[in-house]
Amino acid sequence: MAMHVSSACFSVFSHRRVHKIRAVASENVTTEDDKVKLGGSDLKVTRLGIGAWSWGDTSYWNNFEWDDRKMKAAKSAFDVSVDAGITFFDTAEVYGSRASFGAINSETLLGRFVKERKEKDPGVEVAIATKFAALPWRLGRQSVITALKDSLGRLGVSSVELYQLHWPGIWGNEGYLDGLGDAVEQGLVKAVGVSNYSERRLREAHKKLQKRGIPLASNQVNYSLIYRAPEEKGVKSTCDELGITLIAYSPIAQGALTGKYTPENPPTGPRRQIYTPEFLTRLQPLLNRIKEIGEKYSKTNTQVVLNWLIAQDNVVPIPGAKNAEQAAEFAGALGWKLDNEEVAELRSLATEIRPVTGFPVENL
């Protein structure tokens, strides 16, 4: 997922029968056969993951407050996801951290949830992805290993499945990539990836790791039906060409594509400055068509737009789940497919909408 960076933080760091819509998990729980490999690595993950950006965060999500009720809701989101067979979770060292004005680190919460689940179900396997913050004062390959070991401590594990560079650094990127390679060779991670990398940076990272015989498994970027910069700037095609999986954060445009928000009822908090009443007015025709298509399949808007991303191939969306209801709804994006005409029609309608600004470092 993305990271909200405040200036203070960055300086320091046909007519058919209409069925009732269901916001529930698909009937069939995800199995091993439903998993996909991340790039050229041996790591297999579910076709849809869960983002944990909001867990413990008080700088962008949760209306700037975190309490026991929200923690229990996040725990329920985790458990419902696992119950539905979704076992890929993405976090980062900065999510919920004090340095980014959070209440409790997302890694700490995820580690706690995994531990409690394993106590009840020792056989459960959870794939954890976390990220290294490329802060200006972090230099050299050892900075990656040090940060990774700190993350492992918060997560309460000896290794993670995927470790990613959260964004390209102002400098020091060669050393960061060396650090990723070292992490693989030291057995601290199963696979490595990057996030918010442009086409050029992606090719450079792939080439450097390839020299060590280490595949670049993924590039995590902002990607949704209404934000298709990865396609327009060559990132998606480069991922496909080089065998790198595209992990899509903000796949439901931070809730804007769910149909929950209207010009009269925009999002709260910082999102209100992005998804304004004017933007939501322009979005309504697309949302109406998404709803119509959803009714055909007895699916919600959320499930339709997530399925649209999965239909692009080589894409693993990671919507953020704050509660059990959201987690169950996300699971319902699996086990069915939009047809090619619907995929094309939604793309065509979406091109008429000017996208909102993405994460700034995409342009570095």
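Along the sequence shown, the residues carry numbers beginning at 1. For clarity, every value in this text was computed on a predicted model and none was experimentally measured.
L188 CG to K149 NZ: the interatomic distance, rounded to the nearest 0.5 Å, is 6.0 Å. For the atom pair CZ of R201 and CH2 of W167, the computed distance is 13.5 Å after rounding to the nearest 0.5 Å. If you take CG on L180 and OH on Y163, they are separated by 8.0 Å, rounding to the nearest 0.5 Å. S218 OG to L43 CG: the interatomic distance, rounded to the nearest 0.5 Å, is 8.5 Å. In this structure, E93 CD and L155 CG are separated by 11.0 Å, a value rounded to the nearest 0.5 Å.
Not a single ring-ring contact (aromatic ring centres under 6.0 Å, His included) links Y261 to another residue, sequence neighbours left out. Taking the side-chain contact (heavy atoms from CB on, under 4.5 Å) definition, one finds that T262 meets it with E264, N265, sequence neighbours left out. In this view, D67 and R69, K70 satisfy the side-chain contact (heavy atoms from CB on, under 4.5 Å) rule, not counting sequence neighbours. Listed by chain and number, the residues in a salt bridge (Lys or Arg N to Asp or Glu O under 4.0 Å) with D42 are K37 (sequence neighbours excluded). Contacts of A253 classified as side-chain contact (heavy atoms from CB on, under 4.5 Å), with partners at least two apart in sequence or in another chain: S224, I226, A256, L257, Y275. Under the salt bridge (Lys or Arg N to Asp or Glu O under 4.0 Å) criterion, K75 pairs with D79, E116, not counting sequence neighbours. Remark: F88 pairs with no residue by the ring-ring contact (aromatic ring centres under 6.0 Å, His included) rule, at least two apart or across chains. Applying the salt bridge (Lys or Arg N to Asp or Glu O under 4.0 Å) rule to D339 yields the partners K296; only residues at least two apart in sequence or on another chain are considered. For E231, the salt bridge (Lys or Arg N to Asp or Glu O under 4.0 Å) partners at least two apart in sequence or on another chain are R228, R347. Judged as a side-chain contact (heavy atoms from CB on, under 4.5 Å), and not counting sequence neighbours, the contacts of V80 are A324, A327, A328.
Side-chain contact between I290 and L225 is present, with at least one heavy-atom pair separated by less than 4.5 Å. L109 is listed as a side-chain neighbour of I104, based on a closest heavy-atom distance under 4.5 Å. Looking at L48 and F330, their side chains come closer than 4.5 Å, going by heavy atoms from C-beta outward. With contacts defined as side-chain heavy-atom distances shorter than 4.5 Å, the pair Y223/P317 does not qualify. Looking only at side-chain heavy atoms (C-beta outward), I244 and T238 stay at 4.5 Å or farther from each other. The side-chain heavy atoms of V304 and L338, taken from C-beta on, include a pair separated by under 4.5 Å.
Between the side chain of K131 and the backbone N or O of T91 there is at least one donor-acceptor pair closer than 3.5 Å. One N or O on the side chain of Q164 and one on the backbone of T130 form a donor-acceptor pair closer than 3.5 Å. No donor-acceptor pair closer than 3.5 Å links the side chain of S348 to the backbone N or O of A344. With S106 contributing its side chain and A52 its backbone, the two residues share a donor-acceptor pair below 3.5 Å. The main-chain N or O of R47 is never found under 3.5 Å from a side-chain atom of D34 such that the two would form a donor-acceptor pair. No side-chain donor-acceptor contact under 3.5 Å links W66 to the backbone of M71. Distance alone, capped at 3.5 Å, is enough to place a donor-acceptor pair between the T300 side chain and the Q303 backbone. Between the side chain of K322 and the backbone N or O of S54, no donor-acceptor pair lies under 3.5 Å. Within the 3.5 Å criterion, the main-chain N or O of G39 finds a donor-acceptor partner in the side chain of T245. For the pair N173 (side chain) and G169 (backbone), a donor-acceptor distance under 3.5 Å is present.
Screening residues 212-222 for salt bridge (Lys or Arg N to Asp or Glu O under 4.0 Å) gives D182-R212, E185-R212 as the qualifying pairs, with residues at least two apart or on separate chains. Residues in residues 213-224 take part in no salt bridge (Lys or Arg N to Asp or Glu O under 4.0 Å) pair, two or more places apart or across chains.
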* **Stepwise side-chain contact (heavy atoms from CB on, under 4.5 Å) test for L165 and Y197** => CA-CA 9 Å; L165 302 181; Y197 267 46; 3.4 Å; yes
* Chi angles and distances behind the ring pair (Phe, Tyr, Trp, His ring centres under 6.0 Å) call for H166, Y176 -> CA-CA 11 Å; H166 204 154; Y176 297 156; over 10 Å; no
* L334 and I310: CA distance, side-chain angles, deciding distance, side-chain contact (heavy atoms from CB on, under 4.5 Å) verdict -> CA-CA 9 Å; L334 300 171; I310 294 170; 3.7 Å; yes
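For the residue pair E107 / S151, a side-chain donor-acceptor distance below 3.5 Å is found, with atom types taken as modelled.
By the 4.0 Å N-to-carboxylate-O rule, E292 lies close enough to R289 to be salt-bridged with it. A salt bridge is absent between R154 and D150: the closest approach of a Lys/Arg side-chain nitrogen to an acidic carboxylate oxygen does not fall below 4.0 angstrom. The pair E125-K44 does not meet the salt-bridge criterion, since no charged nitrogen lies less than 4.0 angstrom from a carboxylate oxygen.
Relative orientation of the F89 and W55 rings is tilted, given thresholds of 30° and 60° on the angle between their planes.
Less than 6.0 angstrom separates the ring centroid of Y297 from the ring centroid of W336. Centroid-to-centroid, the aromatic rings of Y249 and W53 stay 6.0 Å apart or farther.
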